[in-house]
Amino acid sequence: MTATRVLVLNSGSSSVKYQLLDMASPSPATTLNRAAAPHSDDHGSRLACGIVERIGEPGGVADHAAALKQVADELSAQGLGLDSPELAAVGHRVVHGGTRFTEPTLITDEVVAEIEKLVPLAPLHNPANVIGIKVARELRPDLPQVAVFDTAFHSTMPEAAARYAIDRATADRHGVRRYGFHGTSHAYVSRATAALLGKEPSEVNVIVLHLGNGASASAVRGGVCVDTSMGLTPLEGLVMGTRSGDIDPAVIFHLARVGGLDVDEIDTLLNKRSGLVGLCGDNDMREIGRRMAEGDADAQLAFDIYIHRLRKYVGAYTAVLGRVDAIAFTAGVGENSAAVREAALEGLEPLGIEIDAVRNAVRGNVARLVSTGTSRVAVAVVPTDEELEIAQQAYSLVRP
Ligand SMILES: Nc1ncnc2c1ncn2[C@@H]1O[C@H](COP(=O)(O)OP(=O)(O)O)[C@@H](O)[C@H]1O
Ligand SMILES: CC(=O)OP(=O)(O)O
Ligand SMILES: [Mg+2]
């Protein structure tokens, strides 16, 4: 029997998502929506999936190790356990790959040690990724395990976009540069957007707006990333659920000198108590929408700040790309919030961007266009599938 299944673990700061895929059958993107299939040979059908949430929170499981045990138990209960001989590999999302990891990588002890060295650059994410790797390797030491890095797709950014304008020697000594994140999603969605337009990725320039709890924008020219909004860590850029995104770095000095906060307190403030939750107490866009409908001024201001930042990045990446063929919305907010999409692009007709209010309001879970027939820039909603992309990349390394 040929082993054709891949288990994907997407360990986040407070959740573990998993999918088991069979790489011998076509992917749902192919069967549901041919136009949106990102690869011509697009394989990977979902056999099982799930999520363990609220890790470390009251009412949730204690820690990531406990979450992974729950994942293993859920799979075993369906007869799809990690002991299955049909498993060909485990694919792991790893958020920070530094400058070294720009390709899917077969995991060894040495690779794990390198990923651990990058923890200071992604303290909310890499430790969880490492635990996932260790647990899976203990359960199946014989099985190939593949790391797929969030930073990889952004490694093509030109130096002009990747470097901060700070002292070069200091920056180089400490690895201070812009790495970018959510790259697996930006890669998948930019390709799927090209497919939706009936074009090759090399033929189109796309702005991808990945709006989840973490959020980032990227400018993709002919299939290659040329800029993205996250930087050294996943804190820079857009307003997020709990993260501030861009601020004047002097805010940190001011809070330390005048506010008396120490570095760890400021880190927690900017990563966990800022963004939408810091502005209005809620980080879920559904709840913010409900509050706005009731005339809640704090929720409205949080929404307005979120949208203002998003529009700035649309404008910036329009200038970076020169010619924009499509703007693609993805992830939890991007796929589901018609209000965010509309507010982000409202009044941008002079840039050739015309969103169609009726199309935009239609809900769905397949890739679709929401721009008018005359819009020079296509506006698309493209469901992301980080797990499918990770499975395909992992399988390409281990397939017979
Ligand atoms: N129907 C919806 N309308 C508006 N926002 C939604 C909807 N469903 C989910 N979201 C938003 O999506 C977010 C989660 O997105 P997701 O991509 O799953 O994030 P992450 O992977 O970072 O956990 C939620 O916090 C919520 O704000
Ligand atoms: C890198 C990052 O921000 O990931 P997430 O959105 O899963 O938190
Ligand atoms: Mg996510």
Side-chain angles (χ1 to χ4, degrees), residues 8-19 49-55 92-97 118 121-129 132 148-154 178-186 188-189 208-218 228-245 270-272 275-277 279-293 299 302-303 306-307 329-344 360-365 381-387 389-390:
V8 176
L9 295 177
N10 179 347
S11 296
S13 49
S14 68
S15 70
V16 176
K17 297 179 188 170
Y18 69 91
Q19 269 191 38
C49 65
I51 181 167
V52 182
E53 288 176 288
R54 298 165 56 86
I55 297 171
H92 297 268
R93 176 189 182 205
V94 179
V95 164
H96 216 307
L118 293 164
L121 294 179
L124 300 181
H125 294 92
N126 270 36
N129 305 149
V148 176
F149 297 90
D150 259 41
T151 43
F153 183 61
H154 304 300
R178 309 188 59 255
Y179 295 93
F181 301 89
H182 295 136
T184 305
S185 178
H186 287 286
Y188 176 88
V189 169
V208 179
L209 303 172
H210 175 108
L211 312 176
N213 204 10
S216 63
S218 68
T228 195
S229 60
M230 283 177 166
L232 175 75
T233 77
L235 182 55
E236 190 179 342
L238 300 175
V239 176
M240 311 181 211
T242 66
R243 295 172 230 163
S244 62
L270 296 179
N271 272 298
K272 298 194 164 167
L276 295 171
V277 85
L279 289 166
C280 76
D282 272 307
N283 63 341
D284 193 311
M285 200 50 90
R286 286 165 288 200
E287 189 53 30
I288 289 171
R290 274 192 285 274
R291 285 173 56 184
M292 280 162 55
F303 183 86
Y306 182 98
I307 295 296
F329 286 87
T330 194
V333 176
E335 291 167 30
N336 294 300
S337 176
V340 164
R341 295 192 296 262
E342 187 172 335
N360 185 44
V362 177
R363 300 190 58 81
N365 58 3
V381 179
V382 179
T384 192
D385 197 337
E386 289 165 301
E387 288 79 14
E389 177 76 17
I390 290 169

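Numbering of ligands and ligand atoms starts at 1, following listing order. Each residue takes its place number in the sequence, starting with 1.
Of the candidates R243, M240, H96, R243 brings a heavy atom nearest to atom 3 (O) of ligand 2.
Summary of contacts: the protein heavy atom closest to atom 2 (C) of ligand 2 is H182 NE2, 3.2 Å.
S229 places a side-chain N or O within 3.5 Å of a backbone atom of A217 that can act as its donor or acceptor partner. Between the side chain of T233 and the backbone N or O of L121 there is no donor-acceptor pair closer than 3.5 Å. Checked by atom type and distance alone, the side chain of R341 never pairs as donor or acceptor with a backbone atom of V381 at under 3.5 Å.
Atom CD of residue Q19 and atom CG of residue D385 lie 5.0 Å apart, to the nearest 0.5 angstrom.
The P234 neighbourhood of ligand 2 comprises atoms 1 (C), 3 (O), with distances under 4.0 Å to a heavy atom of that residue. Of all atoms in ligand 2, numbered sequentially from 1 with element shown, those under 4.0 Å from a heavy atom of F181 are 1 (C). Remark: ligand 2 atoms within the under-4.0 Å shell around heavy atoms of G214 are 6 (O). Contact atoms of ligand 2 toward M230: 3 (O) (distance under 4.0 Å to a heavy atom of the residue).
Under the 6.0 Å cut-off for aromatic ring centres, H96 and F181 qualify, their centroids lying closer than that.
Using a 4.5 Å cut-off on side-chain heavy atoms (C-beta onward), H182 and T228 make no contact. Two residues are said to be in side-chain contact when any heavy atoms from C-beta on lie closer than 4.5 Å; D282 and R291 meet this criterion.
Residues E387 and N10 come closest through the heavy atom pair OE2-ND2, 3.0 Å.
The residue from S218, S216, S185 that alone fulfils the side-chain contact (heavy atoms from CB on, under 4.5 Å) condition with V208 is S218.
At a heavy-atom distance under 4.0 Å, only side-chain atoms of R93, from C-beta outward, approach ligand 2. Contacts with ligand 2 closer than 4.0 Å are made by side-chain heavy atoms of D150 only, the backbone lying farther away.
Taking the charged nitrogens against the carboxylate oxygens, R178 and E236 do have a contact shorter than 4.0 Å, which makes a salt bridge.
Checked against a 3.5 angstrom limit, the closest N/O atoms of H210 and ligand 2 fall outside it.
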What does the N/O contact table under 3.5 Å look like for ligand 1?
| from | atom 1 | to | atom 2 | distance (Å) |
| --- | --- | --- | --- | --- |
| ligand 1 | 8 (N) | R286 | NH1 | 3.4 |
| ligand 1 | 12 (O) | V333 | N | 3.4 |
| ligand 1 | 17 (O) | G332 | N | 3.0 |
| ligand 1 | 19 (O) | N213 | N | 3.1 |
| ligand 1 | 21 (O) | K17 | NZ | 3.0 |
| ligand 1 | 22 (O) | N213 | N | 3.2 |
| ligand 1 | 27 (O) | M285 | N | 2.8 |

